[in-house]
Amino acid sequence: MDTGNLVVFHIDKMAMAEKGWAIYQRIKDALEPQHKGEIVAIEVDSGDYFLGRTTVEAGERARKKYPDKVFYFIRVGFRAVHKFTRGWL
């Protein structure tokens with residue numbers, strides 16, 4: 001199948017999530033006081049991370065250094081990036 005310019009990643013999502021969460025646990029005390037509510041994009045192989053106000057902003061910063069990587073995203077100070085409420089669905 002021709003995917004054109006589309007890059008297809010084959011990753012172990014659970015392993016990536018575990019690595020990303022472990023890295024976040026190591027850096028959260030340094031990030032939370034000044035960056036609570038911002039998004040952090042974590043490159044799980046290097047441990048490098050990139051902050052932004054949105055997932056797009058954090059992802060763009062991360063992709064500048066790692067254009068061919070997949071990132072773990074989390075909102076600083078929270079357990080998830082997004083919150084879905086009943087009225088949203």
Side-chain angles (χ1 to χ4, degrees):
M1 178 169 115
D2 180 17
T3 59
N5 292 331
L6 179 67
V7 177
V8 178
F9 294 97
H10 298 282
I11 59 170
D12 181 338
K13 294 175 194 161
M14 289 302 295
M16 181 180 175
E18 288 173 7
K19 283 182 177 180
W21 182 251
I23 293 167
Y24 177 71
Q25 292 302 306
R26 290 195 306 267
I27 63 175
K28 73 178 187 170
D29 290 340
L31 295 179
E32 287 181 358
Q34 294 182 354
H35 300 285
K36 188 168 184 175
E38 292 182 42
I39 303 296
V40 61
I42 300 171
E43 198 289 299
V44 299
D45 293 326
S46 68
D48 288 349
Y49 61 91
F50 306 85
L51 292 162
R53 290 174 308 210
T54 65
T55 53
V56 171
E57 188 176 284
E60 285 175 346
R61 290 178 176 166
R63 245 177 257 307
K64 284 181 184 176
K65 185 167 183 181
Y66 298 103
D68 297 325
K69 291 288 194 166
V70 176
F71 303 95
Y72 177 81
F73 290 88
I74 192 159
R75 186 173 300 276
V76 177
F78 297 86
R79 292 191 52 81
V81 173
H82 300 288
K83 175 182 172 184
F84 295 99
T85 62
R86 194 163 114 163
W88 199 80
L89 298 174

**Q.** Residue pair Ile23 / Gly47: nearest heavy atoms and the distance that separates them
**A.** CD1-CA, 3.9 Å

Q) Between the main-chain N or O of Lys69 and the side-chain N or O of Arg63, is there a donor-acceptor pair closer than 3.5 Å? A) yes

Q: Answer with yes or no whether the hydrophobic clustering places Ile74 together with Ile27; edges join I, L, V, M, F, W, Y residues whose side-chain heavy atoms lie under 4.5 Å apart.
A: yes

Q | Rounded distance (nearest 0.5 Å) linking atom OH of Tyr49 with atom CD1 of Ile39 | A | 15.0 Å

Q.
For Lys28 versus Pro33, what's the shortest heavy-atom pair and its separation?
A. O-CD, 4.4 Å

Q) Taking all non-hydrogen atoms of both residues, which atom of Gly52 and which atom of Arg61 are closest, and how far apart? A) CA-NH1, 3.9 Å

Q: Would you please name every residue forming a ring pair (Phe, Tyr, Trp, His ring centres under 6.0 Å) with Tyr24, sequence neighbours left out?
A: Trp21

Q: Nearest 0.5 Å please: distance from the CE atom of Met16 over to the CD atom of Glu43.
A: 8.0 Å

Q: May I have the step-by-step check of side chain to side chain contact (heavy atoms under 4.5 Å, CB included) for Lys19 and Asp45, ending in yes or no?
A: CA-CA 8 Å; Lys19 283 182 177 180; Asp45 293 326; 3.5 Å; yes

Q: For salt bridge (Lys or Arg N to Asp or Glu O under 4.0 Å), just list the numbers for Glu60 and Lys64, CA-CA rounded to whole Å, side-chain angles, deciding distance to a tenth of an Å, and then say yes or no.
A: CA-CA 6 Å; Glu60 285 175 346; Lys64 284 181 184 176; over 6 Å; no

Q: Could you pull out the closest heavy-atom pair between Ala41 and Ala62, with the gap in Å?
A: CB-CB, 4.1 Å

Q. Applying ring pair (Phe, Tyr, Trp, His ring centres under 6.0 Å), which residue pairs with at least one partner in residues 50-76 are found, sequence neighbours left out?
A. none

Q: Enter the distance from Leu51:CG to Glu57:CD here, rounded to the nearest 0.5 Å.
A: 9.5 Å

Q. For Gln25, does the CD atom sit with more than 12 other heavy atoms under 6.0 Å from it, leaving out its own atoms?
A. yes

